[in-house]
Amino acid sequence: MSPARVLVLDPAISDAEIEAVRSAAGSLAGEHVTRGDTWAVMPLLDGQHQVDLDALIALPSVRRLAEVSAPYRLASRELFGEAVGIDVSFSTQGDLDAVGATFGGRSPLCVMAASRWASGGETRFRLLAPLLRDAGCGVFLAGAMTSSEGGDPTGLTADALGRYREIAHDYGVALGVEVQDPGQLATAVGLVDLVQVGSRNMQDFSLLRELGSMDRPVLLRRGAGSTVEEFLLAAEYVLVHGNGKVILCESGIRTFDALRKPRFEINAIPLIKQLSHLPLVADPSQTAPRASAVPSMAKAAIAAGADGLVVEVGTENVYDPEGVAIDIEAMQRLTAELRPIARAVGRTVGSARPEGQTAPTEPETVLHLTDRTLAQTIETITGIPPHLDVADQWKLPAPHAWLSPPLSEDGDVLGRCTGYRMGSVRLSCNISYVDLSRIDPTIGALLENTQLNLGQLFVDPRIEKLAFEFGTDETAGEIDEVFRRCFANELHDLYPYVWRRYHATIDGVVTFIVIEALPVPVWKRLLDLEPLLLSGERGDG
Amino acid sequence: MIPPIAQADPSSVGVVVAGVGIGERQPIRVIAGPCSVESPEQFRETAVAVQAAGAALLRGGAFKPRTSPYSFQGLGERGLAIMREVADDLGMGVVTEAMSAQEIDAIARYAHMVQIGARNMDNRPLLEAAAASGLPVLLKRGLTATVEEVLAAAELIVDRGNHHVVICERGSRTFEPSTRNSVDIAAIPEVKLRSRLPVLIDPSHGTGRRDLVTPVALAGIAAGADGVIVEVHPHPEAALSDGDQSLEAAAFPAFMGRVRAMALAVGRSG
């Protein structure tokens with residue numbers, strides 16, 4: 001089967017421009033434009049049609065034509081080639097700056113707190129909301145909506161939901177509620193910042209269609225008997241009807257182990273992250289055999305690559321004697337324990353309030369000190385200037401299409417793979433590309449015979465660094481290939497690493513491209529000022 | 001309800017295999033090697049690579065429980081001899097599977113730890129022979145065994161006086177078609193809560209897919225596992241068994257780097 005085609009549009013596309021796209025696409029035009037926070041797409045229908053695709057792609061509001069082979073066309077990672085985040089946000093009255101939380105993409109991990117207090121829990125919620133926020137919970141899931149007063153004792157009425165909303169927003173927490181009946185959607189959307197679809201409703205297609213026509217983030221739980229593909233196709237129902245804001249939630253699957261709850265399917269976490277660009281959170285509470293297992297399972301989910309968690313938080317388990325809610329102290333402890341795990345997989349843990357500016361405590365923050373050279377930073381932290389190794393260098397004769405721009409098209413480029421170390425400890429691996437046609441030949445010669453390094457050169461005040469990019473080894477692409485080639489003997493000391501890439505200019509002309517990578521385990525020890533490392537010896541790890 | 005596992009004193013070093021302790025007070029241990037021993041060259045190449053990257057023990061199969069009788073069945077005792085020779089040369093211990101009680105004697109001559117595979121978790125004569133051998137036992141949770149059932153199988157070995165049992169979570173079959181098995185991550189804290197036995201995670205069988213091995217191994221460590229048993233092959237595409245789930249030897253240093261980072265993150269050394 002030939003791949004499906006999807007038009008990736010300018011996210012700021014106007015209604016008039018959509019009409020222009022529609023008329024150019026003719027009979028291929030999909031019914032809806034689907035919008036995320038930062039993207040807009042229109043799926044094209046299958047089949048052979050007399051449509052001039054080149055003219056369609058040439059329209060100013062069309063960015064490109066994507067081809068997707070997965071059956072879930074809009075949920076597939078192929079669409080964007082990377083994970084994309086979703087904001088669960090709200091604006092308070094008179095304040096245009098939205099607050100709340102962001103899930104997925106490259107944003108920090110975020111936690112949703114869930115409760116089963118239902119109506120009447122507002123007083124408790126008012127006490128707990130600021131604590132939840134400080135424990136890293138950006139969203140509060142209040143429970144499920146009920147259609148009438150006094151019907152379902154665990155359900156929430158619209159009035160109760162309104163009171164929850166007021167409290168949540170007072171404390172900067174977004175509010176979510178589960179909806180089972182499409183008839184309640186309009187009310188829910190007016191009151192909450194996120195609508196949850198429970199695992200039992202994952203394939204309630206009329207509910208999914210309705211959600212697709214609304215502009216509210218959706219938390220979609222995996223059905224306990226659904227395959228990953230069925231799960232992503234359920235998300236596709238919401239997406240194809242226009243709503244691009246679907247956050248997936250792994251909530252466990254049924255196995256033979258009938259004495260227990262659904263199995264927390266850890267394998268599905270890296271699998272779904274590979275297959276889809278949508279954010280993925282995991283709910284250890286729904287599947288935990290007991291409350292004490294929740295933190296271990298939560299940590300495992302983050303280690304496996306989840307973008308966040310749904311955790312049931314509360315002091316009592318009102319409706320379930322074998323409840324698995326953890327108390328607020330356990331939640332605070334969990335957030336603290338998640339921090340190093342998140343770091344070990346190249347992520348950070350979100351907090352509703354930005355942390356104050358302090359000395360760097362994490363390798364990533366070291367890379368964000370862009371006003372000084374890496375050598376200077378190392379010397380500041382350790383008191384010792386690091387030693388520079390040149391692992392390899394090579395000359396790239398012009399033309400070198402992939403470096404120009406920003407480097408010149410016709411000058412030779414000197415590529416170098418270098419690194420800093422202290423004693424036997426590898427502190428960084430660096431790659432630099434120097435445009436030899438744009439520097440003084442004397443300096444070029446000194447660089448070439450390794451009598452000079454860029455760290456020494458970059459103290460020159462005429463040199464300005466710009467266009468910084470940051471990432472982890474998982475997003476390093478060809479950088480990783482160069483490291484594998486040049487540092488083959490000490491690869492095991494390099495991973496995982498964080499990197500930055502930037503351009504350096506002399507008098508405004510880009511002359512250098514520099515990539516610097518820091519091995520995370522070593523830097524974590526370094527920032528803790530572990531004496532072993534500072535004396536230049538290797539630990540036994 | 002089964003009685004709690006009778007274990008030795010809690011301050012113990014865990015289960016010691018060829019001088020390597022596996023347990024809560026030990027570093028995260030990685031047991032690595034090919035699914036099957038195919039040739040002396042293949043095993044040596046893999047062993048040298050995994051040792052260089054920091055693996056604590058070697059694994060390899062000589063008696064292979066294969067789904068199909070037409071699949072490669074292992075080199076048998078010749079495979080054991082190859083493993084032992086390489087292990088001795090490198091100064092490492094080796095773990096291998098016994099499929100029947102009759103194989104235990106041969107395995108005891110060559111290996112430092114005997115593995116009871118998932119298909120044999122309920123094989124009582126085998127469990128008894130493993131217990132009687134005195135060898136440390138790596139007990140894999142059965143294909144459809146509950147946590148209670150794997151603890152009961154461990155209890156049988158411990159009850160016979162062999163306290164050197166390590167439990168391994170290796171996943172079980174579900175309806176999900178895109179992975180070979182599904183790892184039960186909740187079983188790790190559950191076993192830890194209910195017994196003092198060390199727990200390993202097997203992300204290779206647990207996923208059946210090389211691209212999922214690293215994240216699931218890290219998840220196991222984050223959930224409290226004491227180590228990882230992982231399949232590594234110099235050329236997985238040419239492996240005689242389990243090629244799809246074997247890490248390439250060249251990618252193993254990166255895997256170890258991630259394991260060490262995760263070990264540090266949960267307050268253990270790697």
Side-chain angles (χ1 to χ4, degrees), chain A residues 225-229 253-257 259-261 263-271 273-275 284 287-290 292-305 337 339-345 473 484 490-497 519-521 524-525 539-541, chain B residues 27 52-54 143-148 171-190 192-193 203 206-209 211-225 250 252-258 260-267 269-270:
Chain A
S226 300
T227 64
V228 165
E229 184 167 309
I253 57 169
R254 281 286 169 205
T255 68
F256 60 88
D257 205 347
L259 293 175
R260 306 208 355 227
K261 299 184 175 180
R263 173 173 297 185
F264 191 50
E265 228 243 304
I266 199 81
N267 290 5
I269 292 171
L271 185 62
K273 288 297 295 174
Q274 254 179 44
L275 296 174
T287 46
R290 55 187 91 237
S292 70
V294 170
S296 303
M297 293 163 67
K299 287 188 255 181
I302 298 306
E337 289 174 359
R339 233 174 266 282
I341 289 171
R343 243 184 283 155
V345 291
D473 55 287
R484 279 172 190 272
E490 43 180 311
L491 272 183
H492 56 283
D493 288 330
L494 180 57
Y495 291 88
Y497 61 80
V520 171
K524 278 186 353 198
R525 291 206 217 172
D540 61 356
Chain B
L143 298 169
T144 55
T146 63
V147 168
E148 283 78 3
S172 51
R173 186 74 51 84
T174 68
F175 55 78
E176 173 60 46
S178 51
T179 52
R180 182 174 175 183
N181 285 304
S182 166
V183 166
D184 184 6
I185 207 79
I188 294 173
E190 189 69 5
K192 287 261 162 197
L193 181 83
T207 63
R209 290 171 53 144
D211 56 350
L212 302 182
V213 165
T214 303
V216 172
L218 300 183
I221 294 167
F252 189 68
F255 171 81
M256 284 299 294
R258 297 196 159 275
R260 281 201 199 95
M262 188 53 68
L264 282 171
V266 293
S269 53

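Numbers restart at 1 for each chain; the letters A, B, ... are given by sequence-line order, proteins then strands.
For B:A217, no part lies near chain A; criterion is any non-hydrogen pair under 4.5 Å. Neither the backbone nor the side chain of B:A225 comes within less than 4.5 Å of any heavy atom of chain A. Using a 4.5 Å cut-off between heavy atoms, B:N181 touches chain A through its backbone atoms (N, CA, C, O) alone.
In terms of heavy-atom pairs under 4.5 angstrom with chain A, the leader among B:A254, B:G257, B:S182 is B:S182. Between chain A and the residues B:L218, B:T174, B:L212, B:V266, the most heavy-atom pairs under 4.5 angstrom are made by B:L212. Top candidate by heavy-atom pairs under 4.5 Å with chain A, chosen from B:V216, B:V183, B:T207, is B:V183. Between chain B and the options A:R343, A:R484, A:Q274, A:M297, the largest number of non-hydrogen pairs under 4.5 Å is found for A:Q274. Taking chain B as the reference chain and counting heavy-atom pairs below 4.5 Å, the highest number among A:P270, A:A300, A:P295 is found for A:A300. Of all the listed residues (A:V228, A:I269, A:V520), the one sharing the greatest number of non-hydrogen pairs under 4.5 Å with chain B is A:V228. Interface check for chain B: of the options A:A303, A:P284, A:G305, the most heavy-atom pairs under 4.5 Å are formed by A:A303.
At a threshold of 4.5 Å between non-hydrogen side-chain atoms, the residues B:R173 and B:L143 do not count as touching. In this structure, B:M262 and B:T214 have side chains that are not in contact, with every pair of non-hydrogen atoms separated by 4.5 Å or more. The closest side-chain heavy-atom distance from B:S172 to A:R263 is below 4.5 Å. B:S178 places a side-chain heavy atom less than 4.5 Å from the side chain of A:L271. Side-chain contact between A:K299 and B:P189 is absent, with no heavy-atom pair separated by less than 4.5 Å. Proximity of A:P521 to B:R260: side-chain heavy atoms (C-beta onward) are nowhere separated by under 4.5 Å.
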Any chance you could lay out the side-chain contact (heavy atoms from CB on, under 4.5 Å) test for B:L193 and A:R290, step after step, and finish with the verdict?
-> CA-CA 11 Å; B:L193 181 83; A:R290 55 187 91 237; 3.3 Å; yes
